[in-house]
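First up is the structure itself, then whatever we jot down about it.
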Protein chains: 2
Amino acid sequence: MVTLAEVAQHAGVSASTVSYVLSGKRSISAGTRERVERSIRALGYHPNAGARALASNRSNIIALMIPLRTDMYVPVMMEIATAVATTARTHGYDILLLTGEEGPDAVRRVTGSGLADAMILMDVELDDERLPLLRATEQPSVLIGLPADTAGVTCVDLDWSATGALCVEHLAELGHRDVAVIGEAPAVYERHTGFAERTLDGLRSRARELGLKVLHRPWEGGYDAMAVTLSRIFDERPRTTGFVVQNESAVEPLLAVLRRQGRAVPEDVSVVAVCPEQVAVQASVRLTSVAVPAQELGRHAVELLVGKLDGRETDGAVLIAPELTVRASSGPAPTAP
Amino acid sequence: MVTLAEVAQHAGVSASTVSYVLSGKRSISAGTRERVERSIRALGYHPNAGARALASNRSNIIALMIPLRTDMYVPVMMEIATAVATTARTHGYDILLLTGEEGPDAVRRVTGSGLADAMILMDVELDDERLPLLRATEQPSVLIGLPADTAGVTCVDLDWSATGALCVEHLAELGHRDVAVIGEAPAVYERHTGFAERTLDGLRSRARELGLKVLHRPWEGGYDAMAVTLSRIFDERPRTTGFVVQNESAVEPLLAVLRRQGRAVPEDVSVVAVCPEQVAVQASVRLTSVAVPAQELGRHAVELLVGKLDGRETDGAVLIAPELTVRASSGPAPTAP
DNA sequence: GTGAAAGCGCTAACAA
DNA sequence: TTGTTAGCGCTTTCAC
C-alpha cells in the first residue's frame, strides 16, 4: 500500500506538501505541484480513508436511510437513492446504505462513530421517532418527506398538496364536475406517512373552490376489489367522469375494469395519475400524470446537505412544485346525453 | 465525543483493556469486563470508525456496486440490496453504495483507499471490464451474476439454465407440445448480461429432450407490439398452447392481448413467468412462475464474502436452484377439438 | 489478567 | 512557498 510519505519522498518534498497538493488548502508552486502529481500517478497512490477520517474528523460519507419495506414505491426509492449517490459523488462524498430496520439505533451508531458526516432519511413519518435524535445531534441531516413538525430539521418533498390541487384543476378545466379519487391502501393512511393525506387535502380544498364534487376511496388491491369500488362510486355518483389515482398498482386494475364496463378513456371518463413517469408511460393507456420527481428530490437533498456541511444554514422545508404531463388518458368531459 | 481513553479512565482500567473488552481478543476477568461495559453505557461510548480503520486496517464496510440503469429489474435489485445490507449488519459490516456509473474506477478507488474491506458486484456482464481489476487485487469480492470466465472469482446466481428447463418441463408435464417464449428486449440480449441467453439455452435443450417445439420472440414494449408478436406466433405455430415469459413488463400486455383474442388462461393457453414473486401474485391472473431469489442471492453473497474475509477460501460459482410455484395461469393442454 | 507504549497514515497548526 | 511536528482514537505487540 502506497502512503503519503512515500509519495513525498518520491517527489522530494515533505508530507504536508503532498497533503496540501491534494486538498488545495494552500498555494503550491506550479513546479512542486507538477512533481507531486506525477509521483502520485507513478506510484498509484490513493489516500487512506481511515487515516484521513481520523485526522480530519471528516469521513466524506453521507449515510442514506432507506425503508426496508420493499412493498411500495420501490422504483422511486431506487431512483432517489441513485440520484443521491451520483450527486454525492460529484461533491466528493460516498453513500453508506442504512436500511430502516435498525431504526433510531442506526442514527445513534452513525453519529456516534463518525462513520458518516451527515445523513439523509427517506420514508419520513409524520411523527418520526428518529427526529428527536436528529434535533439533538450536531450531525447535519436532510429528510426526504415532510414530518408534522419541521422545526429544527431540513426537508425536501414534492408539494403533495399542490399535486392534489393540480390534478383536480386539470379535470376542472376539461369540464369534469364529479371526481373520484382512488387512493392508497388504508394502511398507508394509517401509517401517517403524510403524503397521501396531503394530496387529498390539497385536492379537496381546490375542488371546493372550483365547485367540484369529490369522492375518495382507498383501495386494497385486486381486480375484484376494483370492480366493487367502481360500482360503488358510480352507484353513489352516477355522473362521475374524472378519476384521480394515487397508487401505482391501482392503475392497471382501474383501466381494465373501466374497459370491461364499456367506459372509454378518455371519451367517457378521464384518468389522472400520481405515479412514477414509467408507470404512466407504460400503462395500457398512456396516462396524464404528475410524477414524483425522484431525481430532483435526491439531488436536492444532497445539495442541501453539502450546503450544511460547508456551513451554510438551510433549515426549513423545500417543496418541489408538481408538474402535470398531459397524455392520452384525459380529455373533455362528455356532454350530457 | 467520547473516546476509548475516557472510558478507560471512567472504569479505572487501561485503554488496551477497554479495547480488548470490545474485541474479545483476550480474556478479561468478569469484574473488569462488567465495569468497563458499565462505563461504556454510562458515557454513551461509540468507537470511532476512522481510528479503528486506521489502526486495524479494516473498515468493516462492504462496497456494493449496483447498476445505475434503473430501467430493469429494479424491485429485484432493491431486494438484493436490502438483503445484502441486513445480512451484512448481522456480521458487523456496513454497506457502501456505489453506482455502476464510475465503473472500474470505483473499484480502484475503493480498493486503493481502504474505504471498504470487500465488494459485491451486481449486474455482471459476460465479459465484465471490472473483472481484471478484481483478479489483480487482494480485496475479496463476490459477483452476483455469472461472467463468461469465472476463473479466480466467486459468483452467486440463480441457475438460469435450470430455470428455463424447469419452465418447459412444467408445460410438458401438462401436455403442451408447442411453446412460445416471450423474452426481454433485444437490447438485453445484445448487452450480454448472460441470464437471458442462459435461460433460453436451458429451455431449448430441455425442450429438445422432451420433444417440444419452441419459438422465441424478444419483445420491445407496448401493447401493440405484443399484439403483433402474438399474431405472428399463432400464424407460425397455430397449435401453440404454452407460453414462457421472461420479462416483467411483458406480463400484463401478454395477458391483456390473450384475453382480447378470446384465449382463456389457463383453459386455452398456459403461461409460465420468470419474474419477481410480487409481479406473479399481483398480475391479473395469478401466474405460475419461477421467482428470482433476490433475498437469497444477497444473503449468500454476503456470507461468501464474510467467509473470505475470515480467511476461508471459496472461489467458484454458486448456482441457486430455481423453484417453480404453480398458480392459476397454467393447466392441462386443451385436447384438440 | 492487565498495562504501557508504539504506531496506523493523514491533517493542520506552527514555524520558517 | 514549504517543512516540522503534534496529534486524531484506536489496535496490538511487548512486558509484567
Can you measure [X] atom [atom1] to [N] atom [atom2] for me and round it to whole angstrom units?
X       : N      : atom1 : atom2 : result
B/Glu6  : D/dC8  : CD    : C1'   : 13 Å
A/Asn48 : C/dG9  : CG    : C1'   : 6 Å
B/Leu54 : D/dT11 : CG    : C1'   : 10 Å
A/Met1  : C/dC10 : CE    : C1'   : 10 Å
A/Leu4  : C/dG9  : CG    : P     : 11 Å
B/Leu43 : D/dG9  : CG    : C1'   : 15 Å
B/Asn57 : C/dC10 : CG    : P     : 12 Å

Should we say atom CG of A/Asn57 is surrounded by more than 12 heavy atoms from elsewhere, each under 6.0 Å from it?
no
Counting only heavy atoms from other residues, nucleotides and ligands, does the tally under 6.0 Å from CD of A/Glu6 exceed 12?
yes
Give a yes/no on whether any side-chain N or O of [X] is located under 4.0 angstrom from OP1 or OP2 of [N].
X       : N      : answer
A/Ser56 : C/dT11 : no
A/Thr17 : D/dG3  : yes
B/Arg52 : D/dG9  : no

Nearest heavy-atom approach of B/Ala88 to B/Ile95 is CB-CD1, 3.8 Å
Under a 4.0 Å heavy-atom cutoff, the residues of residues 19-34 of chain A touching DNA chain D are A/Arg26, A/Ser27, A/Ile28, A/Ser29, A/Thr32
Output side-chain donor-acceptor pairs under 3.5 Å for residues 142-155 of chain A, partner residues at least two apart or in another chain, one line each.
from	atom 1	to	atom 2	distance (Å)
A/Asp149	OD1	A/Ala151	N	2.9
A/Thr154	OG1	A/Lys308	NZ	2.9
A/Thr154	OG1	A/Thr314	O	3.0
A/Thr154	OG1	A/Asp315	OD1	3.1

Candidate pair A/Glu102 and B/Arg89, rule salt bridge (charged side-chain N to carboxylate O under 4.0 Å, His left out), full reasoning
CA-CA 9 Å; A/Glu102 280 182 287; B/Arg89 281 306 304 143; 3.5 Å; yes
At under 4.0 Å between heavy atoms, what does B/Thr3 touch on the DNA or RNA strands: base, sugar-phosphate, or nothing?
sugar-phosphate
State whether the side chain of B/Thr86 and the backbone N or O of B/Thr82 hold a donor-acceptor pair below 3.5 Å, judged by distance alone.
yes
Check for a donor-acceptor pair, side chain of A/Asn48 on one end and backbone N or O of A/Gly50 on the other, with a separation under 3.5 Å.
yes
